[in-house]
Amino acid sequence: MAKLSYSYYQNIDVNAVAVDLLGKYLFTSIDGTVTGGIIVETEAYKGAEDKASHAYAGRFTSRTQTMYEDGGLAYVYLCYGIHHLFNVVTGPKGIPHAVLIRGLEPVEGLEHMLSRRGMSILKSNITAGPGALAKAMGIDKNLNSADLQGDLIWVEDRGLGFKNEQIVACPRVGVAYAEDHALLPWRYFVKGNRFVSKPNKYI
DNA sequence: GTGCGGATGAACT
DNA sequence: GTTCATCCGCACT
């Protein structure tokens, strides 16, 4: 039941955090409705030096300013005009590192997730993919810059972890524009888990 | 002020 | 495999 500490998020090694977040529990409490699940897929975005990052080359705008804050905040933004994507801000203040949460295994509040997704029975795509899981968890721009030690959205360590051989590293999804950084193996997921998002050809 | 295109998902053929 | 929904961030005039 331990929320991840302030110092956990301050880690300068965003890839290490992305790997370590696998097996942690993400929760939201929206208008008193609690939903949560196990993180099974992440991607690391390495701030100013990463061409796939919104903060590449130190770009600082009203959208990206959240990423420059202290690690331990939520970075939520709208993608393709339709989908909210949820990231964990990591690293010390001024370093815009972030970890995109791409896959979640539902654990708590399943009926609320189904309702938010307009589904009647559980299918793996309920939380497979960043846009899908944000919708299932009720995450939208209201949670941008939210403190992950607060009571709206948080991450817990419940002692679950995965061995190295259960974790796959492969290129990130949807970042073809990032040129030579597009093939960096900074996407991590739990091998064989059904709540990992689709492009799985690297298993 | 305008124009382009995206860290996607779902519904098609 | 292809299409398209749908809107704002961002670069440039």
Side-chain angles (χ1 to χ4, degrees), chain A residues 14-15 17-19 21-22 26 37 39-69 71 73-91 95-106 113-146 148 153 168-189 193-202:
Chain A
V14 64
N15 278 283
V17 178
V19 171
L21 280 171
L22 297 173
L26 173 67
I39 296 169
V40 297
E41 180 180 357
T42 61
E43 282 180 3
Y45 285 84
K46 199 171 181 179
E49 58 193 278
D50 180 359
K51 290 182 181 176
S53 170
H54 296 157
Y56 174 59
R59 193 164 43 193
F60 186 92
T61 66
S62 57
R63 177 173 67 153
T64 63
Q65 64 176 334
T66 302
M67 287 196 286
Y68 290 84
E69 292 297 323
L73 299 187
Y75 170 49
V76 181
Y77 73 97
L78 186 64
C79 187
Y80 295 106
I82 306 169
H83 305 289
H84 291 281
L85 272 59
F86 165 67
N87 300 248
V88 173
V89 176
T90 71
I95 305 295
H97 291 177
V99 177
L100 172 67
I101 308 301
R102 293 188 54 91
L104 194 79
E105 180 172 335
M113 295 194 196
L114 288 167
S115 169
R116 285 174 181 143
R117 297 279 283 119
M119 298 168 67
S120 52
I121 58 165
L122 177 62
K123 291 186 292 184
S124 59
N125 68 354
I126 184 173
T127 47
L133 81 84
K135 187 169 183 184
M137 296 288 286
I139 294 170
D140 62 21
K141 293 198 67 172
N142 291 325
L143 289 178
N144 187 40
S145 296
L148 294 176
I153 183 167
V168 180
C170 71
R172 293 172 293 182
V173 178
V175 296
Y177 60 85
E179 304 170 7
D180 53 316
H181 292 174
L183 292 179
L184 292 171
W186 289 356
R187 176 190 182 210
Y188 306 98
F189 61 89
N193 188 285
R194 64 194 285 236
F195 298 99
V196 171
S197 69
K198 261 306 161 199
N200 281 357
K201 54 190 170 183
Y202 300 97

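By convention in this document, chain letters (A, B, ...) are assigned in the order of the sequence lines, proteins followed by strands, and residues within each chain are numbered from 1.
One interatomic measurement links the two molecules: CE of Met67(A) to C1' of dA7(B), which rounds to 10 Å at whole-angstrom precision. Summarising the geometry, the separation between CZ on Arg116(A) and P on dG9(B) is reported as 17 Å, rounded to the nearest angstrom. Remark: P of dA10(B) and CG of Leu133(A) are 12 Å apart, rounded to the nearest angstrom. dA7(B) atom P lies 20 Å from atom NZ of Lys135(A), rounded to whole Å. For His84(A) and dC7(C), the NE2 to C1' distance is 10 Å, given to the nearest whole Å. One can place CZ of Phe86(A) at 14 Å from C1' of dA7(B), the figure rounded to the nearest angstrom. Rounded to a whole Å, the CZ atom of Arg102(A) is 11 Å from the P atom of dA7(B). When rounded to the nearest whole Å, the span between CG of Leu104(A) and P of dT8(B) equals 17 Å.
Side chain of Ile82(A), nearest nucleotide from dA5(C), dT8(B), dA10(B): dA5(C).
Across all strands shown, Ala52(A) has heavy atoms under 4.0 Å from base atoms, whether or not it also approaches the sugar-phosphate.
Nucleotide dA7(B) forms a pair with no other nucleotide shown, judged by Watson-Crick or G-U wobble geometry with both contacts under 3.5 Å. Across all strands shown, dT6(C) forms no Watson-Crick or G-U wobble pair with both distances under 3.5 Å.
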Shorter than 3.5 Å, N or O on both sides, protein versus nucleotides 8-10 of chain C: list them out with atom names.
from: dG9(C); atom 1: OP1; to: Lys141(A); atom 2: NZ; distance (Å): 3.0
from: dG9(C); atom 1: O3'; to: Arg63(A); atom 2: NE; distance (Å): 2.9
from: dC10(C); atom 1: OP1; to: Thr61(A); atom 2: OG1; distance (Å): 3.0
from: dC10(C); atom 1: OP1; to: Arg63(A); atom 2: NE; distance (Å): 2.9
from: dC10(C); atom 1: OP1; to: Arg63(A); atom 2: NH2; distance (Å): 3.3
from: dC10(C); atom 1: OP2; to: Thr61(A); atom 2: OG1; distance (Å): 2.4

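Closest non-hydrogen pair, Tyr75(A) versus Asn144(A), comes out as CA-OD1, 3.5 Å. Gly131(A) approaches His83(A) most closely through the heavy-atom pair CA-CB, 4.0 Å. Between Ala128(A) and Ala132(A), the closest heavy-atom pair is O-CB, 3.9 Å. Closest approach of Pro130(A) and Leu85(A) over heavy atoms only: CB-CG, 3.7 Å. Listed here is the closest heavy atom pair of Pro185(A) and Ala169(A): O-CB, 3.8 Å.
Phosphate proximity of dA10(B) to Arg117(A): present, with a side-chain N or O under 4.0 Å from OP1 or OP2. For dG6(B), the OP1/OP2 oxygens have no side-chain nitrogen or oxygen of Tyr177(A) closer than 4.0 Å. The side chain of Tyr80(A) contributes no N or O atom lying less than 4.0 Å from OP1 or OP2 of dG6(B).
Side-chain N or O atoms of Asn87(A) include none that pairs as donor or acceptor with a backbone N or O of Val89(A) at under 3.5 Å.
A salt bridge does not link Arg172(A) to Glu43(A): none of the charged nitrogens lies less than 4.0 Å from a carboxylate oxygen.
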